[in-house]
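Lettering of chains follows the sequences in order, A, B, ..., and the numbering in each one begins at 1.
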There are 2 protein chains.
Amino acid sequence: MTETAKRRPGPRIEEVARVAGVSKSTVSRVINDEQYVSAKAREAVHAAIAQLGYSPNQAARSLAGNRANAIALVVSEPTGRVLSDPFFAGVLRGIHSELAGRHMQLLLMMSQPADTGDLVTYLSSGHVDGALLVSLHGDDPLVPMLAEIGLPVVSGGRPLGTTVPFVDADNFTGALEAARHLASLGRKRIATVAGPKDMAVGADRLSGFKRGLSEARLSADLVEHGDFTPESGAKAMELLLCKAPDLDAVFVAADIMALGALQVLHAQGKRVPEDVAVVGFDDSVFAATATPPLTTIRQDVEELGRTMTWRLLAELAGEHGLPPSLLLPTSLVVRSSA
Amino acid sequence: MTETAKRRPGPRIEEVARVAGVSKSTVSRVINDEQYVSAKAREAVHAAIAQLGYSPNQAARSLAGNRANAIALVVSEPTGRVLSDPFFAGVLRGIHSELAGRHMQLLLMMSQPADTGDLVTYLSSGHVDGALLVSLHGDDPLVPMLAEIGLPVVSGGRPLGTTVPFVDADNFTGALEAARHLASLGRKRIATVAGPKDMAVGADRLSGFKRGLSEARLSADLVEHGDFTPESGAKAMELLLCKAPDLDAVFVAADIMALGALQVLHAQGKRVPEDVAVVGFDDSVFAATATPPLTTIRQDVEELGRTMTWRLLAELAGEHGLPPSLLLPTSLVVRSSA
DNA sequence: ATGAAAGCGCTAACAA
DNA sequence: TTGTTAGCGCTTTCAT
């Protein structure tokens with residue numbers, strides 16, 4: 001570093017106070033929406049703020065208030081895979097819309113297993129008021145460590161084997177519906193490309209699927225796991241076709257994996273849905289433009305992001321009696337593939 | 001708010017100083033990698049930091065240092081569309097890897113046209129030291145406003161009609177190669193699904209494409225624009241087929257749009273590549289598992305993210321003679337679709 | 001090469 | 001309802 005960047009920001013709170021004809025405290029009260037401020041004073045302060053183009057210094061607020069005014073979005077995925085997923089994009093939009101208008105910044109952090117310790121140190125040092133967790137895997141040491149330091153946390157997606165508050169889609173019921181739909185079509189040899197074994201989303205969708213098949217008195221032995229990438233969906237589909245060339249339906253536990261599965265089906269000359277019916281999960285942006293358009297289970301990921309954020313902020317605000325976990329509904333969307 | 005969240009973080013700099021047997025100043029110097037610290041003192045401080053699990057309070061650092069120690073990633077896209085794009089995911093990974101180990105946080109901000117003013121006020125108030133811009137559209141008022149307040153900025157992707165520093169893939173050359181490849185296959189009626197008209201990436205890829213066709217003495221009149229969504233790719237493909245049922249090749253200016261285009265081609269009974277050859281752009285995660293696997297132009301988006309970040313940090317560090325803009329190479333990846 | 005002291009701009013008691 | 005007074009934890013002169 002040859003020289004360090006410095007910025008000389010605009011007006012301070014003191015100038016706002018002067019222009020408004022009140023004290024710094026009053027300005028602070030207005031900024032923080034506190035009570036005990038006369039309408040007149042409030043108005044004057046707002047006018048002064050607008051006139052001067054004032055924006056409070058977050059660093060000073062955090063320091064004095066012993067509050068970071070920021071939350072972290074922790075993406076715990078070694079490969080950053082989830083970032084490419086429309087799921088993540090939707091969640092991000094939801095988080096953002098819930099944060100809009102509040103004086104809260106969103107810090108993006110990616111957690112590699114190697115530096116989980118650093119991350120925890122950072123998060124425990126008051127830089128953020130809470131954290132949103134996404135794409136948690138079963139064995140992630142992050143959750144217990146965060147629990148230990150007492151940082152308020154909400155997970156997007158049920159975490160395996162831990163008890164932090166979470167918001168999730170009703171994956172079980174969604175997968176159940178998928179299986180029922182395929183069974184109702186008269187399919188008898190129904191396979192599934194399941195999600196990762198070490199994630200609840202994988203386990204839950206698989207459970208729902210199995211339940212649906214057992215309802216229909218069908219065997220649920222055709223199971224291959226993928227990791228929410230198109231490649232893994234393709235590989236799993238190849239394996240399934242190899243083991244059961246006669247399969248007539250497949251539930252792929254994520255649209256993004258269904259893309260790969262569809263490719264393999266085409267490559268092997270299977271017609272969709274005539275020979276093999278396919279149901280996905282998510283109703284992501286790829287479902288409608290898949291070849292053929294994908295029948296899938298819809299979940300509202302933006303709502304998921306909003307709900308996670310609401311839950312975390314409510315906890316930060318000291319609200320009591322908050323539900324430890326929330327399940328969002330899913331629904332079947334029928335297109336051409338099944 | 002019934003109650004406000006507060007956190008009582010770990011050790012302060014003072015305790016580190018005590019344990020290390022030096023003054024706060026010395027600890028500060030070590031933290032900031034300054035000169036004039038004896039090896040002995042440095043060592044003692046590092047030991048103390050490790051022993052106490054100390055992490056400096058960013059708010060205090062920013063306040064005292066008149067520096068935010070943070071940069072913003074501004075996604076200027078009304079719909080948040082770009083978030084779902086593997087392009088964005090890659091850029092994010094690149095940014096993150098370049099930031100790793102530096103004491104810099106990444107703030108994620110989404111800019112809606114409606115609140116550009118608020119955003120600019122925020123950015124100009126010293127909350128961040130600089131900004132990375134992504135997915136800039138031609139008419140975005142953000143860029144001139146940012147230029148005016150003098151915030152260091154680097155754009156990912158060439159901005160239209162403004163002169164901020166940027167890093168971009170060599171879109172022109174990439175598209176040129178795509179066109180040449182299709183021409184070299186003997187295709188005569190070559191169409192293109194171009195990117196948005198109001199983005200340089202759209203214009204540049206279209207220019208390269210046209211140049212390639214003119215080299216081959218072919219007409220480049222079959223042009224439809226999309227907006228980097230699969231749906232738009234499908235719609236553009238339909239239009240092209242309607243206008244020119246005899247087309248035998250198409251260059252789709254983004255893999256993510258090619259997904260939609262491929263669906264339409266299949267639906268209309270066109271075999272790929274026998275009847276219509278398809279070349280995409282990006283070599284995103286979808287290219288290899290498209291139906292059929294997509295021949296495409298590869299760009300290294302992670303490198304793009306790293307380079308943008310490097311460029312911004314170098315400027316913040318006061319380095320001189322930095323290139324105003326940088327172009328990253330692209331390359332043709334041949335798969336089955338062309 | 002190191003330490004002492006003075007703030008950075010704000011919020012949070014407390015007093016009025 | 002409002003103003004006054006201390007800090008929040010760090011960086012940064014300025015001495016030494």
Side-chain angles (χ1 to χ4, degrees), chain A residues 1 3-18 20-45 48-49 52 54-70 103 122 124-127 129, chain B residues 1 3-18 20-45 48-49 52 54-70 103 105 122 125-127 129:
Chain A
M1 285 234 202
E3 185 185 308
T4 289
K6 300 198 182 186
R7 317 217 70 253
R8 196 137 289 287
R12 311 301 139 97
I13 198 173
E14 186 143 22
E15 309 183 35
V16 176
R18 230 194 37 246
V22 298
S23 73
K24 295 196 304 177
S25 309
T26 299
V27 176
S28 173
R29 289 186 184 105
V30 172
I31 292 170
N32 295 290
D33 255 327
E34 283 171 29
Q35 47 183 346
Y36 303 132
V37 184
S38 65
K40 195 181 142 216
R42 193 178 296 275
E43 227 170 281
V45 169
I49 288 177
L52 296 170
Y54 169 75
S55 169
N57 180 314
Q58 293 299 341
R61 295 186 72 197
S62 302
L63 186 55
N66 193 26
R67 202 185 317 117
N69 302 307
H103 297 284
Y122 183 86
S124 67
S125 298
H127 304 317
D129 300 318
Chain B
M1 286 232 203
E3 185 186 306
T4 290
K6 301 197 180 183
R7 315 218 69 255
R8 197 137 289 290
R12 313 302 141 113
I13 199 174
E14 186 144 21
E15 309 183 36
V16 176
R18 229 194 37 246
V22 298
S23 71
K24 295 197 302 177
S25 311
T26 298
V27 176
S28 173
R29 288 185 185 108
V30 171
I31 292 170
N32 295 291
D33 256 326
E34 284 171 27
Q35 47 184 346
Y36 302 132
V37 184
S38 65
K40 198 181 140 213
R42 193 177 297 273
E43 225 170 284
V45 170
I49 288 177
L52 297 170
Y54 169 76
S55 168
N57 179 314
Q58 293 299 338
R61 297 213 325 148
S62 302
L63 186 55
N66 194 25
R67 204 184 316 116
N69 302 307
H103 297 284
Q105 286 314 304
Y122 183 87
S125 299
H127 304 316
D129 300 318

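- The residue B:T26 sits close only to the backbone: its heavy atoms come under 4.0 Å of sugar-phosphate atoms, none of a base.
- In this structure, B:E14 atom CD and D:dT11 atom C1' are separated by 14 Å, rounded to whole Å.
- If you take NZ of B:K24 and P of C:dG3, they are 12 Å apart, rounded to a whole angstrom.
- Going from atom CZ of B:R18 over to atom P of C:dG3 covers 15 Å, rounded to whole Å.
- The base of C:dA4 has none of its N or O atoms less than 3.5 Å from a complementary donor or acceptor on the side chain of B:S23.
- Between C:dC10 and A:Y54, a contact under 4.0 Å exists linking OP1 or OP2 to a side-chain N or O.
- Ranking C:dA1, C:dT11, C:dG7 by closeness to the B:S38 side chain, first place goes to C:dA1.
- Taking a 6.0 Å sphere around CD of A:E14, one finds it holds 12 or fewer heavy atoms contributed by other residues, nucleotides or ligands.
- Regarding contacts with the backbone of D:dC8, every side-chain N or O of B:N57 stays at 4.0 angstrom or more from both OP1 and OP2.
- Distance check, rounded to the nearest 0.5 Å: CZ of B:R29 to OH of B:Y36 gives 11.0 Å.
- B:Q105 meets the side-chain hydrogen bond (donor to acceptor under 3.5 Å, both in side chains) test with A:Y122; sequence neighbours excluded.
- D:dT2 atom P lies 13 Å from atom CD of A:Q35, rounded to whole Å.
- The shortest heavy-atom contact between A:H127 and B:S55 is NE2-OG, 3.2 Å.
- Residues B:V27 and B:K24 fail the side-chain proximity criterion, which asks for heavy atoms closer than 4.5 Å.
- Between A:R67 and C:dA12 there is a side-chain N or O to OP1 or OP2 distance below 4.0 Å.
- Among the nucleotides C:dC10, C:dT2, D:dT11, the one closest to the side chain of B:S28 is D:dT11.
- Between D:dT2, C:dT11, C:dG3, one nucleotide has an atom nearer to the side chain of B:V22 than all others, and that is C:dG3.
- Here the closest heavy-atom approach between residue B:N32 and residue B:R61 is recorded as OD1-NH1, 2.8 Å.
- Heavy-atom neighbours of B:E34 CD from other residues, nucleotides or ligands within 6.0 Å: above the threshold of 12.
- Here A:A59 lies out of heavy-atom contact (under 4.0 Å) with every strand.
- When rounded to the nearest whole Å, the span between CD1 of B:I13 and P of C:dC8 equals 19 Å.
- The side-chain heavy atoms of B:I13 and B:I31, taken from C-beta on, include a pair separated by under 4.5 Å.
- Atom CG of B:N69 is separated from atom P of C:dC8 by 18 Å (rounded to the nearest Å).
- Among the heavy atoms of the strands lying under 4.0 Å from B:S25 is at least one base atom, whether or not backbone atoms are also near.
- One interatomic measurement links the two molecules: CG of B:D33 to P of D:dT12, which rounds to 13 Å at whole-angstrom precision.
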Interface polar pairs with nucleotides 14-16 of chain D, N/O, under 3.5 angstrom:
none

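- The distance from atom CG of A:L63 to atom C1' of D:dA6 is 13 Å, rounded to the nearest whole Å.
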